[in-house]
Amino acid sequence: MTSLDEPGAAAGPRPGRPRRRRAGAGDRRGVPLPLLLPGLLALAFLLLPLLALLLRAPWRALPRQLGSTEVWQALQLSLISATAATAVSLVLGVPLAWLLARTEFPGRGLVRALVTLPLVLPPVVGGVALLLALGRNGVVGQWLDAWFGITLPFTTTGVVIAEAFVAMPFLVISVEGTLRAADPRYEEAATTLGASRFTAFRRVTLPLIAPGIAAGAVLAWARALGEFGATITFAGNFPGRTQTMPLSVYLALQNDPEAAIALSLVLLTVSIAVLAALRDRWMTTP
């Protein structure tokens with residue numbers, strides 16, 4: 001008996017059982033028109049403003065605009081303050097994410113909700129809250145001023161604080177999700193071998209969640225770079241001291257539209273770079 005004569009070794013598909021077609025990236029037949037048209041309109045709605053920005057950009061005057069003293073000061077301050085805010089978010093946000101992911105305590109759900117509140121809170125409201133907390137007459141700020149002579153509003157430090165307030169939740173969410181996906185048994189194995197909890201976190205957990213920390217740091221840095229509402233409310237808009245790129249765009253739009261477009265192009269370039277950096281983490285389909 002040959003292999004073709006064996007039961008179940010038929011060359012073609014069995015009658016009465018239709019062959020299943022694999023649903024791949026090229027399977028695009030039969031797209032419903034009621035879904036196609038709104039989808040294309042949504043795509044045009046999102047891309048048209050960006051296209052208009054590129055079409056109306058003063059490309060020839062761009063080097064002159066970006067080389068001006070005011071624009072350079074805003075760029076420099078934005079990069080420094082966003083980096084400092086990201087560093088603050090890393091130092092404070094990673095331990096907070098570990099507490100939310102690895103420990104059980106009463107009210108953990110409420111704490112998580114409060115941590116994510118700045119994501120949906122209007123930035124101007126966040127700036128007002130910072131003023132009431134850290135202002136010269138604030139709940140904590142009055143004691144900082146009386147005891148140490150520290151005044152935070154309308155200073156470069158105030159810019160960093162405002163940006164960290166709105167950017168840290170992005171880092172915390174990213175790192176907490178990575179911690180929940182990581183296997184905690186590695187930490188438990190390290191502790192059974194004599195390592196302390198902090199040593200296990202530093203030597204075992206941190207290397208495991210490094211990609212999540214990096215992704216959260218990039219998101220936090222980009223969010224801090226584009227922060228406007230909390231910064232102008234808490235830190236003001238003083239050139240060379242608190243005027244970041246978004247604030248400079250807002251001010252230049254009234255007096256020098258070409259400078260506003262040039263700065264907007266810089267922010268657009270940074271946003272594209274962030275998306276490119278996170279492409280492999282969030283934009284790869286399995």
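Side-chain atoms are counted along with the backbone in the values below, which use heavy atoms only and exclude waters and symmetry mates.
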Check whether [X] reaches the backbone of [Y] with its side chain - one donor and one acceptor, N or O, closer than 3.5 Å.
{"X": "Q243", "Y": "M245", "value": "no"}
{"X": "R102", "Y": "L179", "value": "yes"}
{"X": "T192", "Y": "A189", "value": "yes"}
{"X": "E227", "Y": "A230", "value": "yes"}

If you define the side chain from C-beta out and look only at heavy atoms, does anything of [X] sit under 4.5 Å from [Y]?
{"X": "I173", "Y": "L219", "answer": "no"}
{"X": "T269", "Y": "L267", "answer": "no"}
{"X": "P211", "Y": "T178", "answer": "no"}
{"X": "P153", "Y": "L134", "answer": "no"}
{"X": "L53", "Y": "S264", "answer": "yes"}
{"X": "W221", "Y": "L79", "answer": "yes"}

For A84, all residues meeting side chain to side chain contact (heavy atoms under 4.5 Å, CB included), sequence neighbours excluded: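 Partners of A84 by the side chain to side chain contact (heavy atoms under 4.5 Å, CB included) criterion, ordered by chain and then number, come out as V160.
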
Rounded distance (nearest 0.5 Å) linking atom [atom1] of [X] with atom [atom2] of [Y]:
{"X": "S81", "Y": "I161", "atom1": "OG", "atom2": "CD1", "answer": "12.0 Å"}
{"X": "L35", "Y": "L40", "atom1": "CG", "atom2": "CG", "answer": "11.0 Å"}
{"X": "T103", "Y": "W98", "atom1": "OG1", "atom2": "CH2", "answer": "6.0 Å"}
{"X": "T151", "Y": "L144", "atom1": "OG1", "atom2": "CG", "answer": "9.0 Å"}
{"X": "N237", "Y": "F154", "atom1": "CG", "atom2": "CZ", "answer": "11.0 Å"}
{"X": "L225", "Y": "L75", "atom1": "CG", "atom2": "CG", "answer": "9.0 Å"}

Is it true that [X] and [Y] fall in one hydrophobic cluster, defined by side-chain heavy atoms closer than 4.5 Å?
{"X": "V270", "Y": "I80", "result": "no"}
{"X": "W143", "Y": "F234", "result": "yes"}
{"X": "F148", "Y": "V140", "result": "yes"}

Quick check: closest heavy atoms across [X] and [Y], and the distance to 0.1 Å?
{"X": "S174", "Y": "G216", "answer": "OG-N, 3.5 Å"}
{"X": "A235", "Y": "T155", "answer": "CB-O, 4.0 Å"}
{"X": "A44", "Y": "P49", "answer": "O-CD, 4.5 Å"}
{"X": "S89", "Y": "A167", "answer": "OG-C, 4.4 Å"}

Set of residues satisfying ring pair (Phe, Tyr, Trp, His ring centres under 6.0 Å) with respect to F238, sequence neighbours excluded: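 None.
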
Output all residues satisfying side chain to side chain donor-acceptor pair (under 3.5 Å) with [X], sequence neighbours left out; order by chain, then residue number.
{"X": "S248", "result": "none"}
{"X": "R60", "result": "none"}
{"X": "T242", "result": "none"}

ILVMFWY clustering at 4.5 Å (side-chain atoms), partners of I232: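 Joined to I232, directly or through intermediates: F228, L247, Y250.
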
Could you work out the complete set of other residues in the hydrophobic cluster of L46, with links drawn between I, L, V, M, F, W and Y side chains under 4.5 Å apart?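 Joined to L46, directly or through intermediates: F45.
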
Partners of [X] by salt bridge (Lys or Arg N to Asp or Glu O under 4.0 Å), sequence neighbours excluded?
{"X": "R185", "answer": "D183"}
{"X": "E163", "answer": "none"}
{"X": "R241", "answer": "none"}
{"X": "R108", "answer": "E104"}

Applying side-chain contact (heavy atoms from CB on, under 4.5 Å), run through L77 and W72 and close with a yes or a no. CA-CA 8 Å; L77 179 61; W72 176 248; over 6 Å; no

Audit row: L50, L268, side-chain contact (heavy atoms from CB on, under 4.5 Å) steps and yes/no: CA-CA 8 Å; L50 304 179; L268 178 62; 4.0 Å; yes

Counting only pairs under 3.5 Å, give me each side-chain donor-acceptor contact of residues 112-128, with atom names and distances, residues two or more places apart or in other chains.
unit_1	atom_1	unit_2	atom_2	d
R112	NE	E176	OE2	2.8
R112	NH2	L100	O	3.3
R112	NH2	E176	OE2	2.8
T116	OG1	R112	O	3.2
T116	OG1	A113	O	3.0

Verdict with supporting geometry, F170 and V175, side-chain contact (heavy atoms from CB on, under 4.5 Å): CA-CA 9 Å; F170 289 88; V175 176; over 6 Å; no

For atom CG of N137, decide whether the heavy atoms of other residues, nucleotides or ligands shown that lie under 6.0 angstrom number more than 12.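 At most 12 heavy atoms, drawn from other residues, nucleotides or ligands, come within 6.0 Å of this atom.
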
